[in-house]
Engineer: 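The structure is given below, and queries will be raised subsequently.
Residue numbering restarts at 1 for every chain, and letters A, B, ... go by the order of the sequence lines. What's counted below: heavy atoms across the whole structure, side chains too, no hydrogens, waters or symmetry copies. Values in this document were obtained by computation on a predicted structure and should not be read as measured data.
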Amino acid sequence: MAQEHNLAIFRGLLKFKSNTQKIWGVLIFLSIVTAIEVVLGIYKPEVLMTQVLGMKGLNWIFIILTIVKAYYIAWDFMHLRDETTALRRVIVWTGVFLICYLIFILLQEGGYVEAVFRNGFVKNTF
Amino acid sequence: MDTTVATTGKEGKLWGGGNEPLKASYGKMMMWFFIVSDALTFSGFLAAYGFSRFKFIDSWPIADEVFTHVPFFHGSYPMIYVAFMTFILIMSSVTMVLAVDAGHHMNKNKVTWYMFLTVIGGIIFIGSQAWEWNTFIKGEYGAVQTKGGNILQFGQYETVDGKETFKRVAIADFAKATNPDRVLHERKNGLWYVTEAPLPEFTIEEVLTGLKANPEVLVRTQMLTEEGHKTVLSREESLQQIAENGKLVVHGANLKVNEYGAPIFADFFFFITGFHGFHVFTGILLNIIVFFNVLLGTYERRGSYEMVEKVGLYWHFVDLVWVFVFTFFYLV
């Protein structure tokens, strides 16, 4: 029962001959991304430490690289690439919508509590 | 057997489940249901971690200073070990997906081997995590907790390669325990069924005496400077802080105290990596069951290795969660 596999990654830029080859290709890609993360995490280049949209630029890079990794794990290891479009959307959109909402609510609240401390309504520096 | 593979006897019928718009078998659909809900659980934890972190944004521990150990090596190697753990987990994900692929080709021999390697990878990962926990719980330098629950650490300026750097100093290196007579109150003696927390190695007075005797030792607070380093106090401020606000000497981390910084950091570390570790553990058990089923030829007789694929989905999900835990605990 050999199944149909979509063997192209990077929007068709890279095509593999077999599913096994694609798996190794994705492994190499994920390892490279992890290596970049680790190197950036150890050396923390000064240039990337500036604030971008309320967070250090480096942190944005980490988060984006993480989502990239998550995409390839879900698409190639969990075979979402080979599922129907509808199943893919059911899984991804549900999660993405709810998680974005949750993150927004909690981080907003965390920032508010921090402001309460910072403005001296509640003292915690003793 | 029919229940585990796609056929339900309703093919072609519009009602009764015959219509399959998503073209996924029952088992696979249910695994995806579970994964989506579990993903929401984990994002709940990670978002709660984000909440606490935003709350203490100006005093959060710096991960590079907390997780610096590598087994069998002395010295400070931030990130290296956890990068190794990440790589192990991705590797075991790869062997898992190779097992699924071999299953599609009905190659029992290959599936067996790849499942075996996946289990080994999972065991290495969970062992590494146990080691990581152990190091974190044992702690390294010790610190003083203040009345307000803040953490004061110790260190001194040293010149390394012509650059003045702040080196941490362990409490045991400058304080001397002078009063060893104080006995831990256990529930079996004194006031019955009343216990107390384990005694710290040093009292605040001993730390203060030690600090006075070592003029080069300074106190470092948790507050972050503009450059993202922890604030180092002057000599006078150091003595004053310990004398006025010092309350408890802490060494290592548990659910109540944490020598690395905010106690909630340790709580989240234990809870989230623990919950993830529990998932890895469950995944290993499932993989072992599937491994033996493959060995016994169950799926060969069933004519489909879909069970490998379903367990594989779970295993990849565990890997997926780790990618996020790795980012938010060790990188960001």
Engineer: Give a yes or no on whether the ring-centroid distance for H276(B) and F45(B) is below 6.0 angstrom.
Structural biologist: no
Engineer: Considering only heavy atoms, which portion of F62(A) lies under 4.5 Å from any heavy atom of chain B: side chain, backbone, both, or neither?
Structural biologist: both
Engineer: Examine the side chains of H279(B) and D38(B) and answer whether a donor and an acceptor come within less than 3.5 Å of each other.
Structural biologist: yes
Engineer: For each of V116(A), I99(A), I103(A), tally heavy-atom pairs with chain B at distances under 4.5 Å, and name the one with the top tally.
Structural biologist: I99(A)
Engineer: W93(A) and F97(A): aromatic ring centres closer than 6.0 Å?
Structural biologist: no
Engineer: Is it the side chain or the backbone of F326(B) that comes within 4.5 Å of chain A heavy atoms, both, or neither?
Structural biologist: side chain
Engineer: Using the benzene-type ring in the case of Trp, are the ring centres of Y314(B) and W32(B) under 6.0 Å apart?
Structural biologist: no
Engineer: Heavy-atom cut-off 4.5 Å, strictly under: side chain, backbone, both or neither for M29(B) against chain A?
Structural biologist: side chain
Engineer: Tell me, side chain or backbone of I35(B) under 4.5 Å from chain A's heavy atoms, or both, or neither?
Structural biologist: side chain
Engineer: Keeping the roles fixed (side chain from R220(B), backbone from L152(B)), state whether a donor-acceptor pair exists under 3.5 Å.
Structural biologist: no
Engineer: Counting only heavy atoms closer than 4.5 Å, note whether S31(A) contacts chain B via side chain, backbone, both or neither.
Structural biologist: side chain
Engineer: Can you tell me which of L46(B), V82(B), D58(B), D64(B) forms the most heavy-atom pairs within a distance under 4.5 Å of chain A?
Structural biologist: D64(B)
Engineer: Between T34(A) and chain B, which part of the residue has a heavy atom less than 4.5 Å away: side chain, backbone, both or neither?
Structural biologist: side chain
Engineer: With ring centroids as reference points, do F67(B) and Y81(B) lie under 6.0 angstrom apart?
Structural biologist: no
Engineer: Using only heavy-atom distances, determine whether the side chains of S93(B) and D319(B) contain a donor-acceptor pair under 3.5 Å.
Structural biologist: yes
Engineer: Heavy-atom cut-off 4.5 Å, strictly under: side chain, backbone, both or neither for V100(B) against chain A?
Structural biologist: side chain
Engineer: If I measure from the heavy atoms of chain A, does F328(B) come under 4.5 Å with its side chain, its backbone, both, or neither?
Structural biologist: side chain
Engineer: Would you check if there is a donor-acceptor pair between the side chains of T95(B) and T118(B) at a distance under 3.5 Å?
Structural biologist: yes
Engineer: Is the F84(B)-F87(B) ring centre distance short of 6.0 angstrom?
Structural biologist: no
Engineer: Of the backbone (N, CA, C, O) and the side chain (C-beta and beyond), which part of T86(B) lies under 4.5 Å from a heavy atom of chain A, both, or neither?
Structural biologist: side chain
Engineer: Let's test your reading of the structure: which of L313(B), N245(B), V332(B) forms the most heavy-atom pairs below 4.5 Å with chain A?
Structural biologist: V332(B)
Engineer: When only pairs under 4.5 Å are counted, which of F56(B), F33(B), F324(B) shares the most heavy-atom pairs with chain A?
Structural biologist: F324(B)
Engineer: Using a distance-only test with no angle check, is there a side-chain donor-acceptor pair under 3.5 angstrom linking H104(B) and E309(B)?
Structural biologist: yes
Engineer: Could you look at V36(B) and say if it's the side chain, the backbone, both or neither that has a heavy atom under 4.5 Å from chain A?
Structural biologist: side chain
Engineer: Heavy atoms only, distances under 4.5 angstrom: which of F77(A), Y112(A), F117(A) has the most pairs with chain B? Name it, please.
Structural biologist: F77(A)
Engineer: With chain B as the partner, which of M49(A), R118(A), H79(A), R88(A) has the greatest number of non-hydrogen pairs under 4.5 Å?
Structural biologist: H79(A)
Engineer: Can you see whether Y299(B) engages E306(B) through a side-chain donor-acceptor pair at a distance of less than 3.5 angstrom?
Structural biologist: no
Engineer: Taking the side chain as everything from C-beta on, heavy atoms only, tell me whether F34(B) gets closer than 4.5 Å to K310(B).
Structural biologist: no
Engineer: Counting heavy-atom pairs closer than 4.5 Å to chain B, which one of V113(A), I73(A), L58(A) comes out on top?
Structural biologist: I73(A)
Engineer: With only heavy atoms counted, which part of W60(A) is less than 4.5 Å from chain B, the side chain, the backbone, both or neither?
Structural biologist: neither
Engineer: So, for W322(B) and F125(B), is the gap between ring centers shorter than 6.0 Å?
Structural biologist: yes
Engineer: Against chain B, work out which of I91(A), I42(A), I61(A), V90(A) has the most heavy-atom pairs shorter than 4.5 Å and name it.
Structural biologist: I91(A)
Engineer: Counting only non-hydrogen atoms closer than 4.5 Å, does E83(A) touch chain B with its backbone (N, CA, C, O), its side chain (CB onward), both, or neither?
Structural biologist: side chain
Engineer: Check whether K56(A) gets within reach of chain B through its side chain, its backbone, both or neither, counting any heavy atom under 4.5 Å.
Structural biologist: neither
